[in-house]
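Everything below concerns the one structure shown next.
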Amino acid sequence: MGIPSVPIVISDFYQQETEKALNEGLPGLRTQWIRGPVWAKTREELRRDVIGGRNPITNQPVMQEIVEKFTKPLTAEEKRSGEIVRDKGPATFTDTEENLRKMFEEKRWTDFLPIVLPTPERVDEMLKGTSHEPDEIVGKMSPTNTGTYFEYWTYTVKDVAVNAVMAGAKPEYFPLLLAVAATGKESMSVSDNSFVAALVVNGAIRDEIGINYKVGAMGPYSHANTTIGRAWTLISINLGNCGKVGTTYMGVVGNPMNLINIVIGENEEESPWQPFSVRKGFKKNENVVSLFEGWGVLSAANWRAASWGKEMDYPKIIKDIFDQQGMLFGACAMLSPPIANFVKNAGYDTVEKFEQYLSPPMQFPGMPPGAKPNAGGAPKDPAPKGDGAAAKGPMPKMPAMSNTAILVTGGTNNNYYSIGGMRYLQSVQIDNWR
Amino acid sequence: MKRRNSVMIVIAALCLALFCTYSTRNSEAIAQGKASAEKITVLNPLGTPPPIKLKTMAPRLDTLDGKTIYLVDDGFIGGDNLLYEIQDWFKANHPKTTTIFKRKGGGGFDAEDPALWAEMKEKADGIIIALGH
């Protein structure tokens with residue numbers, strides 16, 4: 001645009017925004033750092049502590065710095081143009097095992113659990129799990145999944161194999177991992193919300209590679225579930241530049257589910273309904289992996305601890321819980337087969353009927369059911385001035401809760417299930433990567 | 001014969017004890033990562049970042065007097081109040097500077113707002129944009 005600009009950002013994002021500015025080709029961007037967070041502060045607090053305060057990085061008065069950022073002439077470094085070519089560094093490293101492990105941790109190439117060191121022999125063995133060429137480009141990944149904020153990194157079949165080895169995965173899991181990697185979806189978002197991600201696997205591949213979809217289905221109780229989930233984490237860290245605290249990871253409190261993610265094999269055999277993948281348009285028995293993201297999952301007993309009766313109205317109980325979910329990610333439920341059958345016997349012979357009951361189309365004032373207001377984002381008319389004006393004034397429009405997912409997994413030994421705020425993203429075939 | 005057998009048993013027991021001691025120590029050493037000074041080769045686990053194309057920053061202003069500064073709110077809660085306070089600061093401290101508050105549209109914090117960009121390209125001498133949090 002050619003107009004001098006000063007972005008104002010809270011100093012907690014110093015590392016992140018400095019790296020972002022470099023990646024955007026503006027290493028000298030004159031960002032003004034302030035003490036945060038800004039929201040929830042009164043105007044008096046903002047005037048006294050932020051506008052009248054000091055830059056937490058330089059300890060200089062904020063407004064004096066803003067004026068200087070507009071008027072101080074550009075340095076030679078700030079006028080520099082051209083291109084900085086980057087690569088991934090050396091193709092291999094040679095050292096003792098101890099030193100290599102230490103190096104991987106220091107460079108933050110791990111999840112800080114012990115890794116299987118990716119020797120050429122182990123990587124070659126992993127590559128036997130696919131017919132695709134090692135140098136074939138699989139995809140690209142960015143910590144924000146959109147590429148509009150963080151840059152995309154690209155990766156090959158061999159790069160994915162290296163990370164699969166590190167996670168302890170087996171070659172027979174490799175096509176599934178390639179299918180996930182090809183989506184470009186990171187398993188850990190940069191967002192300060194501490195989001196998590198989930199994979200849902202359908203088809204014969206569940207038994208073929210030993211995915212547990214019975215007792216303990218969502219926990220670390222099978223080699224396949226655990227290492228596939230962990231591999232997605234390492235793929236995200238090393239191939240998508242995700243999970244670097246301070247730059248590409250800002251989850252305020254973090255989430256332990258990021259370690260091996262949530263890997264769910266659907267218990268198709270004991271479900272009363274069509275498999276999730278079939279509901280998404282794939283054939284029955286087709287090997288498909290579906291991706292989700294959101295807040296995570298929690299035992300439904302946590303919401304309804306007092307509900308423990310001889311006769312339970314599970315559809316109503318689940319609906320009550322769904323009604324408490326936020327609109328951003330919608331809601332999902334991981335029902336054990338007994339619960340799914342309760343629901344079916346209560347009159348919901350298809351998942352679609354149950355989803356309709358759980359989440360009827362939202363009705364906005366003056367609009368017919370299901371119609372959505374314009375998705376115009378934040379209204380452009382400023383809110384009236386005054387303390388708390390932003391909170392009381394017009395707010396950005398959120399999409400209606402249109403994302404409801406019902407999955408069936410786990411054992412038949414009791415009536416338990418989990419609920420989460422997880423948004424369905426996409427489903428992809430696995431066998432393309434064999 | 002019995003004595004020879006006894007000797008053999010004692011020797012076998014000693015050998016077993018020596019082996020076990022060695023084996024345990026070796027296991028401990030392995031567990032401590034001291035097993036071997038042998039070097040191995042491993043592959044780089046990283047993906048490939050794109051090149052960075054450096055952009056020249058916009059020329060600075062010689063003064064703020066007589067200039068128009070746009071104050072842009074990206075829609076994050078509280079950003080408007082922060083900018084209103086900045087607006088008040090300019091009125092008190094740089095009365096010859098004009099400030100104009102605008103809330104960015106476009107459907108998201110990082111979405112483009114071509115109409116606002118065009119307006120600022122025509123009318124703004126400088127931009128302050130409050131980004132999130």
Side-chain angles (χ1 to χ4, degrees), chain A residues 1-10 25-26 36-39 43 46-47 51 63 70-71 73-74 78-86 88-89 91-96 98 100 109 117-119 123 148-149 151 153-155 159 162-163 238-239 375-378 380 382-383 385 390 396, chain B residues 33-64 73 75-82 84-86 89 93-94 101-108 110-111 117 120-121 124-133:
Chain A
M1 204 179 285
I3 302 168
S5 306
V6 178
I8 300 182
V9 183
I10 66 172
L26 290 165
V38 163
W39 69 305
R43 286 193 59 173
L46 289 170
R47 189 180 317 131
I51 305 303
M63 291 310 299
F70 277 119
T71 55
L74 295 178
E78 288 170 335
K79 290 178 181 173
R80 195 157 69 100
S81 60
E83 187 173 272
I84 301 173
V85 177
R86 295 178 295 169
K88 60 191 277 181
T92 59
F93 303 91
T94 301
D95 208 328
T96 63
E98 184 181 6
L100 288 168
W109 292 347
L117 286 170
T119 61
V123 174
T148 56
Y149 196 78
E151 62 190 8
W153 286 17
T154 54
Y155 39 88
D159 293 331
V162 170
N163 286 277
N238 291 323
L239 305 184
K380 294 180 77 170
K385 291 176 78 169
Chain B
K34 296 174 183 171
S36 173
E38 182 189 350
K39 292 188 175 179
I40 63 169
T41 295
V42 298
L43 274 64
N44 185 327
L46 296 180
T48 303
I52 294 170
K53 289 179 184 164
L54 293 171
K55 296 167 188 156
T56 306
M57 288 171 61
R60 301 293 108 172
L61 305 171
D62 52 357
T63 176
L64 292 183
D73 172 17
F76 203 95
I77 303 165
D80 52 357
N81 280 340
L82 178 77
Y84 294 144
E85 283 300 323
I86 289 178
W89 185 91
N93 295 278
H94 283 261
F101 176 94
K102 288 283 174 178
R103 179 171 282 177
K104 185 183 76 62
D110 59 353
W117 300 167
M120 292 195 295
K121 195 171 176 64
D125 297 304
I127 300 166
I128 295 174
I129 181 164
L131 298 172
H133 303 87

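Note on naming: letters A, B, ... go to the chains in the order of the sequence lines (proteins, then strands), and numbering restarts at 1 for each one. Heavy atoms only: backbone and side chains are in, while hydrogens, waters and symmetry mates are out. Here the structure is a predicted model, which is why all the values come from computation and not from measurement.
Contact tally against chain A (heavy-atom pairs below 4.5 Å) for B:D125, B:T48, B:T56: the top residue is B:T48. Chain B forms more heavy-atom pairs under 4.5 Å with one residue of A:V6, A:V123, A:V162, A:L26 than with any other, namely A:V6. The candidate from A:T96, A:L239, A:L46, A:I84 with the greatest count of non-hydrogen atom pairs under 4.5 Å with chain B is A:I84. Between chain B and the options A:D159, A:L117, A:V38, A:V85, the largest number of non-hydrogen pairs under 4.5 Å is found for A:V38. Heavy-atom pairs under 4.5 Å with chain A peak, among B:M57, B:R60, B:K121, B:E38, at B:R60. Across B:G126, B:P49, B:P51, the residue that shares the most heavy-atom pairs under 4.5 angstrom with chain A is B:P49. Heavy-atom pairs under 4.5 Å with chain A peak, among B:T41, B:L131, B:T63, at B:T41.
Side chain of A:T94 to backbone of A:T92: no donor-acceptor contact under 3.5 angstrom is found. With A:K88 contributing its side chain and B:P45 its backbone, the two residues share no donor-acceptor pair below 3.5 Å.
Proximity of the aromatic rings of A:W109 and A:F93 is defined here by a centroid distance below 6.0 angstrom, and this criterion is met.
Looking at A:L74, both its backbone and its side chain come within 4.5 Å of chain B, counting heavy atoms on both sides. The contact between A:D95 and chain B is made by backbone and side chain atoms together, counting heavy-atom distances below 4.5 Å. Heavy atoms of A:P73 lying under 4.5 Å from chain B belong exclusively to its backbone. Residue B:N93 does not touch chain A at all, counting heavy-atom pairs closer than 4.5 Å. For A:I3, the parts sitting under 4.5 Å from any heavy atom of chain B are the backbone and the side chain alike.
For the residue pair A:W153 and B:G47, the shortest heavy atom distance occurs at CE3-O, 3.8 Å. In terms of heavy atoms, B:G75 sits closest to B:D73 at N-OD1, 2.9 Å. Taking every heavy atom of both residues into account, B:I40 and A:L100 meet most closely at CG1-CD1, 3.6 Å. Scanning all heavy atoms of the two residues, the minimum distance from A:P4 to B:A58 falls at N-CB, 3.6 Å.
Between A:R86 and A:E151 there is a salt bridge, since a side-chain N of the basic residue sits under 4.0 Å from a carboxylate O of the acidic one.
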